[in-house]
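What follows is a set of notes on a single structure, which appears directly below.
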Amino acid sequence: MAAAEPKPPAGMSAARRLARGCWSAFWDYETPKVIVVKNRRLGVVYRAVQLLILLYFVWYVFIVQKSYQDSETGPESSVITKVKGITSSEHKVWDVEEYVKPPEGGSVFSIITRIEVTPFQTLGTCAESMRVNNATCDSDEDCVAGQLDMLGNGLRTGRCVPYYHGSSKTCEVYGWCPVEDGASVSQFLGKMAPNFTILIKNSIHYPKFQFSKGNIENRKDGYLKHCTFHEVSDLYCPIFKLGYIVEQAGENFTQLAHAGGVIGVIINWDCDLDLSASNCNPKYSFRRLDPKHVPASSGYNFRFAKYYKVNGSTTRTLIKAYGIRIDVIVHGQAASLPPGREVQPDSHHH
């Protein structure tokens, strides 16, 4: 009987199969098989899908989004503001130096429309406000001497004294007396406030494209002295009446002036720099920024004091001011064909 031939190792067989496969792939020629489906409805759906994909790229990607352009978001921006106007309250006439805080003319400022004044405060002892937690008392035993309440108005002396009005008593404190709730007087400044004018000077710069522009008409005929903003006829006269800003934000001026609030003036610079600079124009919008529908945090107010000397002793007038805070917010986007080309300047281009 003939001896059986030895079987090649398994690894060698695998190597031979791999070699044959590679050799076959080198010499063999493959072509896809095309099957024509004669179904008119399926053909219409197929061509419609192709058309939608084509329209998406041509219309949306290239025409609407202009994805072929280089872009830059968030321009460098400078904002300078100036308020003008006078108003009166029950006791005095107010000018801009008194009702605008802070006075530097930045992008965030407040126009005071109502105040609660506590005059002639001096350092001494007096009854604590009833609004302070655990301030009411029946006897001295209810008041701890030396206690300092972070939400109160001073250091407690340990005495229980009559309140400013009524039959109640509160713990006595050492601090600025009388406290705010005991002697404050309210004054409304908002009578003429809707007619206040606000100049908002804004300059933007897109460093990637070396493009700059401002929102003021470049004229020398005193144009800014007699114009006010109009979206069509006076776009480059950024002088707004306060009443107009509040109205465009959809707010009631009287209610806003009494409780205070925050209004955003949003300036948007969306510019296609492949076009003339005259096509790059600011767009203004206005809206309420603070949560007016949340009672615990609605409205806007702040406190400040004016100090003076009376018979050699320091005295102050404490003012709780309610007002309309204006926040000027600038954003935008510029786009141009890469690497960008020089934009032809016009009368608004700085």
Problem set entry | Student check: side-chain heavy atoms of Leu189 and Ile112 closer than 4.5 Å | yes

Exercise. Which of these, Asp327, Ile198, Ile324, sits in a side-chain contact (heavy atoms from CB on, under 4.5 Å) with Phe109?
Worked result: Ile198

Exercise. Can you check whether Arg325 reaches Phe302 side chain to side chain, under 4.5 Å on heavy atoms?
Worked result: no

Exercise. Do you see a donor-acceptor pair shorter than 3.5 Å between the side chains of Lys213 and Ser203?
Worked result: no

Exercise. Does the Cys143 SG fall under 2.5 Å from that of Cys171?
Worked result: yes

For this session: Ignoring hydrogens and angles, tell me if any N or O in the side chain of Asn215 forms a donor-acceptor pair with the backbone of Asn202 under 3.5 Å.
Result: yes

For this session: Evaluate side chain to side chain contact (heavy atoms under 4.5 Å, CB included) for Thr136 paired with Ser168, printing each intermediate quantity in order.
Result: CA-CA 7 Å; Thr136 57; Ser168 301; 5.7 Å; no

For this session: Give yes when the SG atoms of Cys271 and Cys280 are nearer than 2.5 Å, otherwise give no.
Result: yes

Problem set entry | Counterpart residues, salt bridge (Lys or Arg N to Asp or Glu O under 4.0 Å), relative to Glu72 (two or more places apart) | none

Exercise. Are Ser110 and Tyr300 close enough that a side-chain donor and a side-chain acceptor fall under 3.5 Å?
Worked result: yes

Exercise. In the hydrophobic cluster built from side-chain contacts under 4.5 Å, what are the other members alongside Leu155?
Worked result: Leu148, Met150

Exercise. More than 12 heavy atoms of other residues, nucleotides or ligands under 6.0 Å from CZ of Phe120: is that the case?
Worked result: no

Exercise. With a 3.5 Å cut-off and no angle check, do the side chains of Asn281 and Tyr236 form a donor-acceptor pair?
Worked result: yes

For this session: Kindly state whether the ring of Phe188 and the ring of His258 have centres lying under 6.0 angstrom apart.
Result: yes

Exercise. Mind checking what makes salt bridge (Lys or Arg N to Asp or Glu O under 4.0 Å) contact with Arg316, not counting sequence neighbours?
Worked result: none

Problem set entry | Check: Asp181/Tyr164 side-chain N/O donor and acceptor closer than 3.5 Å | no

For this session: May I ask you to decide whether Asp290 forms a salt bridge with Arg288, counting only side-chain N to carboxylate O separations under 4.0 Å?
Result: yes

